[in-house]
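Worksheet: the structure to be examined is printed underneath.
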Amino acid sequence: TIDNFFTGTRSAACGGVTTIIDVAMQNKGETLQEAINNRRTLADSQVVVDYGLHLCITYVDPEILEEIPMIVNQGIPTIQVFMAAHDPSFVVNDGHLLGILEKTALNGGMVRIKCENATIFEHILQTTLQNNSFKPEDYPLLHPPFSEAEATQRAIMFAEELKTSLSIFGLSAKAALEQLTWARNRGVTYVYGETSPHYLTHTKEYYKSVDARNYITVPPLREPEDSSALWRGIRRGDIQIVSSGHCAFTVEQKKFGDSL
């Protein structure tokens with residue numbers, strides 16, 4: 001992005017934000033502790049506000065799972081995972097997800113999860129790449145609401161079975177929220193919802209504008225009825241968190257793919 005830890009947290013401080021939570025991404029070949037240490041090394045000399053970390057696990061083996069208790073005990077109780085992503089190396093499969101949920105639950109942590117069906121996304125992406133007429137307004141077709149809803153239901157079922165606290169972030173679709181509401185109504189109150197301001201204030205109509213590239217988000221902006229459902233979810237208490245994932249790209253940076 002255009003920001004580093006200094007410029008980003010300076011802007012935060014000027015806006016009255018005194019604490020941020022960054023994400024330590026596990027790179028290929030890294031242990032969880034190495035991922036945390038590397039992120040702290042980068043941040044500690046630059047930040048001007050308080051900060052904490054989520055830890056995003058992208059690779060799982062038995063040794064990685066055994067690190068989770070130590071990570072939670074050192075004050076990083078939120079383990080982040082992706083069920084789907086534009087970069088497949090970020091994604092954990094269902095078996096690995098179960099292992100992460102189980103270890104996190106046993107040690108009093110919480111799993112923070114972005115829900116989308118990876119197989120459906122990959123199928124639609126490959127089909128779309130063969131369509132030379134793809135336009136920005138077609139972007140939401142890559143991430144249909146039913147794919148978010150199916151993955152949300154699956155993640156909740158895993159969390160319910162293992163009694164793991166689960167925070168579903170990036171909620172954008174009414175259909176996905178319905179899965180969360182259904183679970184909480186039947187007593188699965190350790191499953192939580194998190195959305196972002198753009199899903200509350202913008203709709204996919206922006207993808208028809210001349211500067212559509214400036215509104216690309218994952219998941220995409222949705223229909224007006226999805227935004228209305230999210231507002232109702234906040235009022236009901238099914239969505240507890242509204243947060244921004246700070247990814248500051250300039251307009252010039254967003255033009256990078258124009259000539260590809």
Side-chain angles (χ1 to χ4, degrees), residues 1 21-30 32 35-36 38-39 53-61 64-65 68 78-101 104 110-129 134 136 138-156 158-159 166-173 175-177 179-180 193-196 198-199 204 207 213 215-222 226 241 243-249 253-254 256-257 260:
T1 71
I21 305 178
D22 191 56
V23 179
M25 295 289 296
Q26 176 199 23
N27 294 317
K28 185 177 181 180
E30 281 185 335
L32 302 186
I36 291 167
N38 289 339
R39 200 61 178 169
L53 291 173
H54 301 302
L55 171 64
C56 184
I57 298 180
T58 61
Y59 169 76
V60 178
D61 63 23
I64 292 294
L65 291 176
I68 290 177
T78 43
I79 306 298
Q80 180 169 306
V81 292
F82 290 92
M83 297 177 77
H86 284 193
D87 184 343
S89 67
F90 289 175
V91 178
V92 298
N93 63 38
D94 283 358
H96 291 159
L97 175 56
L98 282 170
I100 293 168
L101 287 164
T104 304
M110 171 184 284
V111 172
R112 185 172 185 261
I113 190 165
K114 174 72 79 68
C115 295
E116 184 176 6
N117 186 303
T119 304
I120 291 173
F121 168 69
E122 187 62 29
H123 169 74
I124 296 175
L125 177 63
Q126 293 306 315
T127 302
T128 301
L129 289 175
F134 186 78
D138 298 325
Y139 171 66
L141 299 177
L142 293 177
H143 303 275
F146 79 87
S147 179
E148 183 182 338
E150 185 279 332
T152 299
Q153 182 191 50
R154 183 158 32 103
I156 290 171
F158 291 173
L166 188 73
S167 179
I168 300 166
F169 74 100
L171 267 173
S172 68
L177 175 60
Q179 300 304 315
L180 175 61
E194 177 179 344
T195 192
S196 295
H198 46 272
Y199 297 124
K204 70 177 190 178
Y207 296 131
R213 71 169 71 84
Y215 299 96
I216 299 297
T217 63
V218 183
L221 302 175
R222 302 291 193 189
D226 294 292
I241 302 171
S243 67
S244 60
H246 185 66
C247 294
F249 293 97
Q253 286 176 310
K254 292 177 180 181
F256 176 74
L260 297 180

Measure the shortest side-chain to side-chain distance between [X] and [Y] over non-hydrogen atoms and say whether it is less than 4.5 angstrom.
| X | Y | answer |
| --- | --- | --- |
| I100 | L65 | yes |
| Y199 | T217 | yes |
| L97 | I113 | yes |
| I57 | I68 | yes |
| I168 | I156 | yes |
| F158 | L166 | no |
| D138 | Y207 | no |

Work out which heavy atom in [X] is nearest to a heavy atom in [Y]; give both atom names and the distance.
| X | Y | result |
| --- | --- | --- |
| C115 | T152 | CB-OG1, 3.5 Å |
| A35 | A24 | O-CB, 3.9 Å |
| F82 | F90 | CB-O, 3.9 Å |
| Q26 | E30 | NE2-O, 3.0 Å |
| T195 | L171 | OG1-O, 2.7 Å |
| L180 | G193 | CD2-CA, 3.6 Å |

Working to the nearest 0.5 Å, report the span between [atom1] of [X] and [atom2] of [Y].
| X | Y | atom1 | atom2 | result |
| --- | --- | --- | --- | --- |
| T128 | L142 | OG1 | CG | 4.5 Å |
| I79 | M110 | CD1 | CE | 11.5 Å |
| L55 | I36 | CG | CD1 | 4.5 Å |
| H143 | I124 | NE2 | CD1 | 9.0 Å |
| Q253 | T1 | CD | OG1 | 7.0 Å |
| R213 | F249 | CZ | CZ | 14.5 Å |

Donor-acceptor check, side chain of [X] to backbone of [Y], threshold 3.5 angstrom: yes or no?
| X | Y | result |
| --- | --- | --- |
| S196 | S243 | yes |
| Y215 | H198 | no |
| S147 | N117 | yes |
| Y59 | S89 | no |

Checklist line | Polar side chain donor-acceptor pair, T78 to R112, under 3.5 angstrom | finding: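 R112 and T78 do not have a side-chain donor-acceptor pair below 3.5 Å.
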Check: Any ion pair linking E148 and R222 (charged N to carboxylate O, less than 4.0 Å)?
Finding: yes
Notebook entry, point to check: Has H123 got more than 12 heavy atoms of other residues, nucleotides or ligands less than 6.0 Å from its NE2?
Noted result: no
Notebook entry, point to check: Do the ring planes of F121 and H86 sit parallel (below 30°), tilted (30 to 60°) or perpendicular (above 60°)?
Noted result: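 If you compare the ring of F121 with that of H86, the planes turn out parallel.
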